[in-house]
Amino acid sequence: MAEPRCETFIFLDLEATGLPNVHPEIAEISLFAIHRFSLENPEKDESGTLQLPRVLDKLTLCMCPERDFTPKASEITGLSNQNLTNNCKPGFDRTVVKALQEFLKRQEAPICLVAHNGFDYDFPLLRTELQRLGADMPDGTLCLDTLPALKGLDKGHHHSTRASHSKKSYSLSNLYRQYFNDEPKAAHSAEGDVYTLVMVFLHRAQELLQCFATEAQSWDEIQPMYISTHRRRSSQGHND
DNA sequence: TGCCAGGCCCTCTTTAGGGCCTT
């Protein structure tokens with residue numbers, strides 16, 4: 001089997017109505033598509049500080065879920081059923097799928113989705129929403145989760161030393177603070193978190209690209225978080 | 001009233017418990 005390799009990295013983050021225990025629905029999705037070239041040739045300013053690549057495609061969409069936000073989810077995302085309804089946002093429907101698919105079509109294949117804790121949260125939830133609409137990602141799509149990838153890299157580096165570092169937090173915001181000695185911007189907006197994710201990735205890009213073959217999974221291996229059974233009022237699906 | 005994740009990893013471990021990480 002050929003080693004997995006991808007040409008475009010799709011950094012993504014979801015804001016949703018809660019954690020997996022409440023069977024959440026997506027309320028905001030943001031994707032930054034960055035070509036391998038820009039990750040291998042990072043841009044820096046005069047002071048040598050890493051910069052977000054100038055050439056990137058972005059897609060950010062808000063959508064009103066049918067399920068209620070948990071109070072905590074509403075608090076940290078700033079999203080609510082009320083403000084999404086006030087802004088007349090439809091739910092995660094076929095127009096979202098279409099926009100997503102057209103966005104991905106612009107990117108050189110194969111593509112790899114990248115998310116922090118993606119294997120346990122973003123990817124399964126996205127699969128649940130797509131599956132409800134009978135949709136899927138493009139063939140050959142790969143996935144990378146920066147959480148286990150970065151833990152694995154650090155573990156490898158400190159293989160023979162005592163592990164006082166092992167207690168350090170690998171939350172996205174703490175990684176950003178650690179790498180850039182600065183507070184993450186716009187935490188818990190989908191776009192803000194994708195920015196933070198890209199910068200964290202860039203800081204370790206060489207290593208992450210090197211371990212890609214062992215850390216990446218096929219999208220086909222991602223199981224849905226849960227099987228969605230409800231039908232949307234706006235859905236064109238048949239009744240049975 | 002209960003319902004209310006789960007795979008991974010660490011350690012005071014393996015006859016287990018608990019925290020992390022995502023909203």
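Worth knowing before you read on, the calculation uses all heavy atoms, side chains too, and leaves out hydrogens, waters and symmetry mates. Here is the naming used below: chain letters follow the sequence lines, and residue numbers restart at 1 for every chain.
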What does [X] touch in the nucleic acid at a heavy-atom separation under 4.0 angstrom: a base, only the sugar-phosphate, or nothing?
X         : value
Leu125(A) : nothing
Asp13(A)  : sugar-phosphate
His23(A)  : nothing
Asn174(A) : nothing

Rounded distance in Å between the [atom1] positions of [N] and [M]:
N       : M       : atom1 : value
dG18(B) : dC12(B) : P     : 14 Å
dC4(B)  : dC9(B)  : C1'   : 23 Å
dG7(B)  : dT1(B)  : P     : 31 Å
dT13(B) : dG19(B) : C1'   : 15 Å
dT23(B) : dG6(B)  : C1'   : 15 Å
dC3(B)  : dC20(B) : P     : 23 Å

Which of the following nucleotides, [options], is nearest to the side chain of [X]?
X         : options                  : value
Lys155(A) : dC10(B), dT23(B), dG6(B) : dC10(B)
Ile76(A)  : dT22(B), dG6(B), dT23(B) : dT23(B)
Asn21(A)  : dC10(B), dC4(B), dT22(B) : dC4(B)
Leu172(A) : dT23(B), dT22(B), dA5(B) : dT22(B)

- Task: Flag the pair Lys58(A) and Glu191(A) as a salt bridge only when some basic side-chain nitrogen lies within less than 4.0 angstrom of an acidic carboxylate oxygen.
- Result: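 Here Lys58(A) pairs with Glu191(A) in a salt bridge, since their nearest N and O are under 4.0 Å apart.
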Take atom [atom1] of [X] and atom [atom2] of [N], then tell me their distance rounded to the nearest Å.
X         : N       : atom1 : atom2 : answer
Leu175(A) : dT22(B) : CG    : C1'   : 13 Å
Asp120(A) : dG19(B) : CG    : C1'   : 14 Å
Leu126(A) : dT23(B) : CG    : P     : 14 Å
Leu14(A)  : dC21(B) : CG    : C1'   : 14 Å
Leu150(A) : dC8(B)  : CG    : C1'   : 15 Å
Leu197(A) : dT23(B) : CG    : P     : 11 Å
Lys151(A) : dC10(B) : NZ    : C1'   : 10 Å
Met225(A) : dT23(B) : CE    : P     : 11 Å

- Phosphate contact (dC20(B) OP1 or OP2) by Ser171(A) side-chain N/O below 4.0 Å: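 Answer is no, no contact under 4.0 Å.
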- Item | His188(A) side chain near dT23(B) phosphate (N/O to OP1/OP2, under 4.0 Å) |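 Yes, within the criterion.
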- Message: I'd like to know whether the aromatic ring centres of Phe212(A) and Phe9(A) sit less than 6.0 Å apart in this structure.
- Response: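 That pair passes the under 6.0 Å test.
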- Message: Testing the 3.5 Å rule here: is there a donor-acceptor pair between the side chains of Gln82(A) and Asn86(A)?
- Response: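 Checked: Gln82(A)/Asn86(A) side chains pair up, N/O donor to acceptor below 3.5 Å.
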- Closest nucleotide of DNA chain B for Asp193(A) versus for Val22(A): which of these residues is on the 5' side?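 The 5'-side residue here is Val22(A).
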- Item | hydrophobic_cluster_shared for Leu14(A) and Phe69(A), side chain cutoff 4.5 Å |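 As far as the 4.5 Å side-chain criterion goes, Leu14(A) and Phe69(A) are not connected within one cluster.
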- Check: Ile26(A) main-chain N/O paired with Glu129(A) side-chain donor or acceptor under 3.5 Å: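 Present.
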- Task: Hey, can you tell me if His203(A) and Phe180(A) have their rings parallel, tilted or perpendicular (30° and 60° cut-offs)?
- Result: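 Geometry flag for Phe180(A) against His203(A): perpendicular rings.
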